[in-house]
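Shown next, in structure tokens, is the structure this report addresses.
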Protein chains: 2
Amino acid sequence: MAIPRAAKTQRRTRIQEEKEEIILEAALDVFSMHGFKGATIDQIAEVAGMSKPNLLYYFRTKEAMHRALIDRVLDTWLDPLREFDAEGNPEVEIKSYIRRKLEMSRDFPRESRLFANEILRGAPSIVEELDDLRKLVDEKAEVIRAWVKAGKIGRCDPYHLIFSIWATTQHYADFDVQVKAVLGPARSGDGRFEDAARFLEQLYMSGLQVRP
Amino acid sequence: MAIPRAAKTQRRTRIQEEKEEIILEAALDVFSMHGFKGATIDQIAEVAGMSKPNLLYYFRTKEAMHRALIDRVLDTWLDPLREFDAEGNPEVEIKSYIRRKLEMSRDFPRESRLFANEILRGAPSIVEELDDLRKLVDEKAEVIRAWVKAGKIGRCDPYHLIFSIWATTQHYADFDVQVKAVLGPARSGDGRFEDAARFLEQLYMSGLQVRP
DNA sequence: GGATAATTTGACCGGTTGGTAAACATTACA
DNA sequence: TGTAATGTTTACCAACCGGTCAAATTATCC
């Protein structure tokens with residue numbers, strides 16, 4: 001009798017870990033491109049190189065696959081913001097936050113698009129996580145506000161500062177097709193991330209300076 | 001014998017215009033939320049308050065509905081960028097561009113999400129339009145470059161400047177759910193657009209100043 | 001008012017999709 | 001090596017979905 005893995009708490013065999021890895025990798029491909037409803041289990045199965053019932057042996061429903069993917073990715077996705085350090089130099093902190101977020105857009109564009117799809121749909125499956133996000137942002141907004149009060153950076157709304165950094169950096173993952181189309185083939189190499197980093201650092205370093 | 005409207009070039013009856021309007025309005029609701037594949041004709045029909053075959057009487061396929069919607073919206077979507085005036089004052093031009101884009105996010109969030117969905121999916125249905133976009137952006141990038149050369153604004157990459165304005169302003173439409181979740185119910189009124197406008201204007205006005 | 005064209009709908013069809021049943025294959029372990 | 005648990009696949013189902021058809025209803029025009 002085959003018992004689906006969800007019935008047991010502990011990870012079992014080597015083969016389970018491997019196959020779940022392969023499946024989630026394939027699922028990330030398909031979900032990030034087509035969204036939850038647009039993705040089909042058959043598609044994911046084909047990318048994963050196994051049969052559809054085999055997928056459903058590891059994840060009992062399409063929903064469960066999507067869920068597992070989101071849970072796994074969400075955690076690492078907010079790491080850059082967590083590293084935001086109140087004790088650090090504001091300029092250095094903001095600059096490296098931008099860098100890190102841009103690197104994530106470059107190295108993990110599918111993860112970014114997975115979230116973008118989810119948020120576009122009204123975030124039906126991550127309502128609780130949004131609450132955690134709010135707490136984290138509140139915390140970091142307080143850090144920024146303290147910097148402003150200490151006169152280390154110019155006056156600004158910390159929430160909209162964070163939004164703007166999210167938007168500008170994730171843009172290069174979520175709207176990749178558009179960015180490439182506008183830049184043309186000649187400028188669509190990985191160099192665009194360096195150009196973006198340069199531009200954004202200048203914008204934020206000048207834009208957040210203490211004004212007379 | 002009923003002849004589908006696509007067979008005739010000229011708009012016919014008052015009732016046709018009205019019904020097509022209702023259908024596209026409903027389709028915008030559904031497509032912008034669920035994407036092309038995620039949307040169903042039945043859903044749109046329900047929102048539009050008519051039967052599915054009746055929808056298909058006005059638009060012969062789901063594809064045709066989506067197409068009509070995109071064509072209609074795309075044109076007005078780029079209007080703010082077209083108004084970008086080479087003769088104008090750079091600070092005023094950039095500031096009012098940001099304003100206009102923010103207003104569009106506030107007043108037409110579904111249109112923004114419709115495009116976001118399309119781009120996320122690799123823009124399968126707007127490849128030609130992307131070419132027009134590239135030309136328009138090239139043109140405006142030249143304007144910005146001229147401003148830089150004339151010493152009217154600080155040195156910056158004009159393309160990434162435009163990307164950053166798109167990203168920051170559309171963020172409030174596309175990631176609305178996230179923005180509201182982070183700001184909390186108290187700050188999620190329409191006032192957030194005013195706060196965003198203030199923040200972004202400050203950021204870009206300071207960030208683009210000519211540096212010593 | 002009646003003929004004709006335009007509009008609307010219920011019933012239906014073939015293909016797709018998420019998910020299941022059960023037989024078959026492989027692995028882990030005594 | 002035997003056997004029980006684990007893993008894999010073929011065949012299949014019911015629901016859904018895009019789209020068609022023909023009949024019914026309504027608007028238009030003389």
Side-chain angles (χ1 to χ4, degrees), chain A residues 1-27 29-31 33-69 121 124-125, chain B residues 1-27 29-31 33-69 121 124-125:
Chain A
M1 161 106 54
I3 298 175
R5 78 148 240 297
K8 300 274 187 170
T9 51
Q10 205 181 355
R11 179 94 327 141
R12 312 294 283 296
T13 66
R14 168 189 51 86
I15 200 166
Q16 275 193 359
E17 291 209 30
E18 284 176 8
K19 288 300 170 69
E20 288 182 6
E21 193 61 33
I22 292 173
I23 291 171
L24 288 181
E25 169 70 21
D29 251 38
V30 179
F31 279 131
M33 176 89 80
H34 302 288
F36 181 74
K37 279 206 70 176
T40 71
I41 301 183
D42 293 272
Q43 256 178 307
I44 298 171
E46 196 188 326
V47 174
M50 51 181 104
S51 67
K52 176 169 65 170
N54 203 6
L55 252 73
L56 291 164
Y57 171 73
Y58 291 102
F59 298 93
R60 284 194 290 220
T61 64
K62 183 181 168 185
E63 176 75 37
M65 286 183 36
H66 190 251
R67 183 82 235 162
L69 204 50
R121 238 133 284 243
S125 72
Chain B
M1 163 97 57
I3 296 175
R5 76 147 242 296
K8 300 272 186 172
T9 51
Q10 204 179 359
R11 180 95 326 142
R12 313 291 283 295
T13 66
R14 166 190 53 84
I15 199 165
Q16 275 192 359
E17 292 210 31
E18 283 176 7
K19 288 302 171 71
E20 289 182 7
E21 193 61 33
I22 290 172
I23 292 170
L24 288 181
E25 170 68 21
D29 250 37
V30 179
F31 279 131
M33 176 90 80
H34 301 288
F36 181 74
K37 279 205 69 179
T40 71
I41 301 182
D42 293 272
Q43 255 179 306
I44 299 171
E46 196 188 325
V47 174
M50 51 181 103
S51 67
K52 178 168 64 170
N54 202 7
L55 252 73
L56 291 164
Y57 171 73
Y58 291 102
F59 298 92
R60 282 194 292 219
T61 64
K62 181 180 166 184
E63 176 76 37
M65 287 184 35
H66 190 250
R67 183 82 235 160
L69 205 50
R121 239 134 285 240
S125 73

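Small disclaimer: the values here were computed from a predicted structure and weren't measured.
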Residues passing the side chain to side chain donor-acceptor pair (under 3.5 Å) test with D29(B), sequence neighbours excluded, are R110(B)
Contacts of M50(A) meeting side chain to side chain contact (heavy atoms under 4.5 Å, CB included) (sequence neighbours excluded), chain-then-number -> K19(A), I22(A), I23(A), A48(A), N54(A), L55(A)
Taken in chain and number order and not counting sequence neighbours, the residues that satisfy side chain to side chain donor-acceptor pair (under 3.5 Å) with E63(A) are none
Taken to the nearest whole Å, NE2/H34(B) to C1'/dC17(D) is 15 Å
Across all chains, not counting sequence neighbours, the side chain to side chain contact (heavy atoms under 4.5 Å, CB included) partners of K62(A) are F31(A), F36(A), I41(A)
Whole-Å distance, E17(A) CD to dT27(C) P, equals 18 Å
Once base and sugar-phosphate atoms are separated, protein heavy atoms under 4.0 Å mark nucleotides 9-19 of chain C, 5' to 3', with B, S and - as BBB-----SBB
note: K19(A), atom NZ; dT6(D), atom C1'; distance rounded to Å ~ 11 Å
Here the distance between atom C1' of dT26(C) and atom CD of E18(A), to the nearest Å, is 14 Å
In short, side-chain hydrogen bond (donor to acceptor under 3.5 Å, both in side chains) pairs touching residues 44-53 of chain B with sequence neighbours left out are none
(Q) Tell me whether the side-chain N/O atoms of Q16(B) come closer than 4.0 Å to OP1 or OP2 in dT7(C). (A) yes
Min side-chain heavy-atom separation F59(B)-E20(B) under 4.5 Å: yes
